[in-house]
Amino acid sequence: MKRTITLVAAALFCLTATLTACSDSPKQSDPQAGKSKIELSSSQEKELKAFKEDVDRVNKKLPMDMGKGLTLIRTELKNGFMTNIYTYPKGANIVINEGEKGKENIKRAVGAAAQRLKALNIGIKYIYKEDTSDKADTISITPEEM
């Protein structure tokens, strides 16, 4: 029987609840990157620093069994994304829903923290890797998609 992962790893995103509400920040164009970036207020910079510290605390508790054969092995803030990296056993009959349904499941799991991440211009990325192989599936949600 095939098991479908619906991307419910909400437990990890409980740490994002530590972010307090961030006020809207003006966007500023970054000519070197060719992308718009958020100009953070001093309070948002403090929030981001606290968020990074929470990510470090979570990483010290890893690996974490997330159920359904998934193990969270690392979480990181990198390239504008909060990235969660999971592994699953080689040969497991697992389907990763990379479409809009998968993204909607992630947004529901993140809940109110999605708006806080968006205010800090941080997206969400889930990477699923099969143990002992190069097979990987990635689901990305930009701040604009939240």
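We use all heavy atoms of the structure for the numbers below, so side chains are in, but hydrogens, waters and symmetry mates are not. The model shown is predicted, which means the values in this text are computed figures rather than measured ones.
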By side chain to side chain contact (heavy atoms under 4.5 Å, CB included) - contacts of Glu104 (at least two apart):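 Listed in chain order: Lys107, Arg108.
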According to a hydrophobic-cluster definition based on side-chain heavy atoms being under 4.5 Å apart (Ile, Leu, Val, Met, Phe, Trp, Tyr only), do [X] and [Y] belong together?
X: Leu117; Y: Ile139; value: yes
X: Phe51; Y: Val58; value: yes
X: Met82; Y: Leu120; value: yes

Run the side-chain hydrogen bond (donor to acceptor under 3.5 Å, both in side chains) test on Asn84 and Thr75 for me, step by step, so that the C-alpha distance in whole Å, both residues' side-chain angles and the decisive distance to 0.1 Å come before the verdict. CA-CA 4 Å; Asn84 299 317; Thr75 186; 2.9 Å; yes
Tell me whether Glu130 contacts the main-chain N or O of Thr87 through its side chain, where contact means a donor paired with an acceptor under 3.5 Å.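 Between the backbone of Thr87 and the side chain of Glu130 there is no qualifying donor-acceptor contact (under 3.5 Å).
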Minimum heavy-atom distance [X]-[Y], with the two atoms named:
X: Glu145; Y: Ser140; value: OE1-O, 3.7 Å
X: Gly69; Y: Pro89; value: O-CD, 3.2 Å
X: Pro143; Y: Gly123; value: CG-N, 3.6 Å

Go through the steps for Phe81 and Ile124 under the test side-chain contact (heavy atoms from CB on, under 4.5 Å), then give the verdict. CA-CA 5 Å; Phe81 285 89; Ile124 302 167; 5.6 Å; no
Measure the [atom1]-[atom2] distance between [X] and [Y] for me, rounded to the nearest 0.5 Å.
X: Arg116; Y: Leu48; atom1: CZ; atom2: CG; result: 14.5 Å
X: Asp131; Y: Thr71; atom1: CG; atom2: OG1; result: 7.0 Å
X: Lys90; Y: Ser133; atom1: NZ; atom2: OG; result: 5.5 Å
X: Tyr88; Y: Leu70; atom1: OH; atom2: CG; result: 9.0 Å
X: Arg57; Y: Asn59; atom1: CZ; atom2: CG; result: 11.5 Å
X: Lys118; Y: Thr142; atom1: NZ; atom2: OG1; result: 8.5 Å

Taking the hydrophobic residues Ile, Leu, Val, Met, Phe, Trp and Tyr, and joining any pair whose side-chain heavy atoms are under 4.5 Å apart, which ones share a cluster with Ile85?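 In the cluster with Ile85 are Ile73, Ile127.
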Any side-chain heavy-atom pair from Lys135 and Lys129 closer than 4.5 angstrom?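 Side chain of Lys135 against side chain of Lys129, heavy atoms only: no contact under 4.5 Å found.
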Between Glu47 and Lys49, is the closest basic N to carboxylate O distance under 4.0 Å?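 No salt bridge links Lys49 with Glu47.
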